[in-house]
Student: 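Got a structure for you, questions after.
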Protein chains: 2
Amino acid sequence: MNVINESGILGISTRLQRLSEQLRKDGFQIYKTNGIDFEPKWFPVIYTLHFKPVLSVVELATEIGYTHPSTISLLKELEKEKLIRSKKDKQDERKRLILLTEKGKKLLQQMQPVWQTMVVALTELTNTSNNIMKAIEEVEAQLNHKSFMDRAKK
Amino acid sequence: MNVINESGILGISTRLQRLSEQLRKDGFQIYKTNGIDFEPKWFPVIYTLHFKPVLSVVELATEIGYTHPSTISLLKELEKEKLIRSKKDKQDERKRLILLTEKGKKLLQQMQPVWQTMVVALTELTNTSNNIMKAIEEVEAQLNHKSFMDRAKK
DNA sequence: TTAATATATGTAGCTAACTACGTATACTTG
DNA sequence: CAAGTATACGTAGTTAGCTACATATATTAA
């Protein structure tokens with residue numbers, strides 16, 4: 001058995017998490033140096049609302065692929081920043097509809113060039129012989145087909 | 001600008017984190033169904049102590065690539081489980097030396113076949129056209145050479 | 001039309017890493 | 001050898017997701 005492989009692949013979970021943290025931290029700094037007060041974790045919410053301007057909490061959660069409690073906590077932060085607001089759905093009183101504020105829409109416009117820069121930088125960074133975005137997608141597809149758990153059951 | 005790409009790559013941090021969580025959760029279950037009371041996050045510590053049986057806290061932290069506070073909290077848990085123990089370094093009174101207990105050594109032996117199974121399963125899972133372990137290594141190398149931050153500065 | 005079930009939202013508390021900071025011991029240098 | 005610096009360890013508090021549970025409204029079925 002190959003020691004390096006063993007310790008490498010069994011530590012994959014930690015490796016993924018730490019790479020995630022590093023990119024997020026840099027992401028935050030990049031917004032900051034561009035004079036934008038924005039956190040990378042808010043991106044999926046704001047970006048989704050750009051294309052689907054009115055969504056309920058759960059619809060939004062589904063759209064960004066988070067659980068609803070995680071989404072609620074993001075929404076709380078974004079509401080505090082006055083980047084989004086919400087209103088009751090008249091048809092269904094259980095629902096809270098989420099919308100960008102004017103401030104949110106304006107910020108979104110300001111962020112466009114920064115996003116463009118980040119996309120270029122990230123594309124350059126991940127344009128290696130094994131593309132990490134594709135690799136993630138492939139592993140996710142593999143997991144969808146058969147979980148790690150099931151694969152280890154023999 | 002490609003919308004799918006943009007939302008994809010700018011959300012890379014979250015994707016990495018969630019894949020990490022999923023693998024860790026399954027990892028825990030796999031130990032469990034094999035009758036082993038062990039958490040995936042403990043792996044680097046136990047595995048390292050297998051090859052380097054006596055290490056100080058900071059040496060161990062460096063070895064596994066964690067910060068020392070993170071390492072200390074893992075060590076606390078492992079001490080509670082009686083899988084490791086510690087003793088003062090006589091040469092340097094600041095240091096606390098970490099060792100596997102007999103229970104720890106025994107568990108390590110019991111885990112070998114499970115690790116083997118997991119390595120096989122993970123290798124199968126990640127053996128896609130873009131290999132995720134290699135991709136992580138390549139991105140880490142790229143980052144080492146020039147950070148995401150620096151790449152976005154133009 | 002009430003009872004049972006389903007859906008939408010919210011709250012509380014967990015996890016696994018981190019940074020910032022504090023204290024104790026060791027080392028170095030004037 | 002005393003003062004300043006470096007190293008080792010520890011604690012406190014943060015983060016960004018999560019699960020489990022609670023409550024309110026809506027829908028369905030007897």
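A note on names: the letters A, B, ... follow the listed sequences, proteins ahead of strands, and every chain is numbered from 1.
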Student: What is the distance, to the nearest angstrom, from the CZ atom on B:Arg18 to the P atom on C:dA16?
Tutor: 17 Å

Student: What is the distance from CG of A:Leu16 to C1' of C:dA16, rounded to the nearest Å?
Tutor: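 It works out to 14 Å between those atoms.
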
Student: Look at B:Glu102 together with B:Lys105 and state whether they make a salt bridge at an N to O cut-off of under 4.0 Å.
Tutor: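 Yes, charged N to carboxylate O under 4.0 Å.
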
Student: Let me know the distance between CD of A:Glu21 and P of C:dC18, rounded to the nearest Å.
Tutor: 6 Å

Student: Any ion pair linking B:Glu77 and B:Lys41 (charged N to carboxylate O, less than 4.0 Å)?
Tutor: yes

Student: Rounded to whole Å, please give me the gap between CD1 in B:Ile72 and C1' in D:dG13.
Tutor: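 Computing the B:Ile72:CD1 to D:dG13:C1' distance gives 15 Å.
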
Student: Can you check the B:Leu55 CG to D:dA8 P distance for me, whole Å?
Tutor: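 Between P of D:dA8 and CG of B:Leu55: 13 Å.
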
Student: Checking salt bridge (charged side-chain N to carboxylate O under 4.0 Å, His left out) between A:Glu79 and each of A:Lys103, A:Arg85, A:Arg96, which is the one that passes?
Tutor: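 Of the listed options, the one satisfying the test is A:Arg96.
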
Student: In whole angstroms, how far is the C1' atom of D:dG17 from the NE2 atom of A:His68?
Tutor: 14 Å

Student: Distance check needed: D:dT15 P versus A:Gln17 CD, whole Å only.
Tutor: 16 Å

Student: Of A:Lys25 and A:Ser56, whose closest DNA chain C nucleotide lies nearer the 5' terminus?
Tutor: A:Ser56

Student: Taking 4.0 Å as the cut-off, does a side-chain nitrogen or oxygen of A:Tyr66 come that near to OP1 or OP2 on D:dC18?
Tutor: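 For A:Tyr66, the contact criterion (side-chain N or O under 4.0 Å from OP1 or OP2 of D:dC18) is not met.
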
Student: Taking OP1 and OP2 of D:dC18, is either one under 4.0 Å from a side-chain nitrogen or oxygen of A:Ser70?
Tutor: yes

Student: Is A:Leu108 reachable from A:Trp42 through a run of I, L, V, M, F, W or Y residues, each pair having side-chain heavy atoms under 4.5 Å apart?
Tutor: yes

Student: Where along residues 74-96 of chain A does a heavy atom fall under 4.0 Å from DNA chain C?
Tutor: A:Lys76, A:Arg94, A:Lys95, A:Arg96

Student: Tell me which nucleotide among D:dG17, C:dT9, C:dT19 gets nearest to the side chain of A:Lys41.
Tutor: D:dG17

Student: Would one find a side-chain N or O of A:Thr14 under 4.0 angstrom from OP1 or OP2 of C:dA17?
Tutor: yes

Student: Less than 4.0 Å between a side-chain N and a carboxylate O, is that true for B:Glu140 and A:Arg15?
Tutor: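 Looking at B:Glu140 together with A:Arg15, the answer is yes, because their closest N to O distance falls below 4.0 Å.
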
Student: Look at all strands and tell whether A:Ser73 reaches a base, only sugar-phosphate, or nothing, counting heavy atoms closer than 4.0 Å.
Tutor: nothing

Student: Any side-chain donor paired with an acceptor under 3.5 Å for B:Tyr31 and B:Trp115?
Tutor: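 Yes.
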
Student: Across the strands shown, which category fits A:Glu39 at heavy-atom distances under 4.0 angstrom: base, sugar-phosphate, nothing?
Tutor: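 Sugar-phosphate, backbone atoms only, no base.
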
Student: Without decimals, in angstroms, what is the distance between A:Phe28 CZ and C:dT19 P?
Tutor: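 Rounded to whole Å, this separation is 15 Å.
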
Student: Measuring from the side chain of B:Pro69 (C-beta onward, heavy atoms only), which nucleotide among D:dC18, C:dA20, D:dC9 has the closest atom?
Tutor: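 So the side chain of B:Pro69 is nearest to C:dA20.
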
Student: Check the pair A:Ile64, B:Thr14 against side chain to side chain contact (heavy atoms under 4.5 Å, CB included), reporting the backbone distance first and the verdict last.
Tutor: CA-CA 10 Å; A:Ile64 65 178; B:Thr14 304; over 6 Å; no

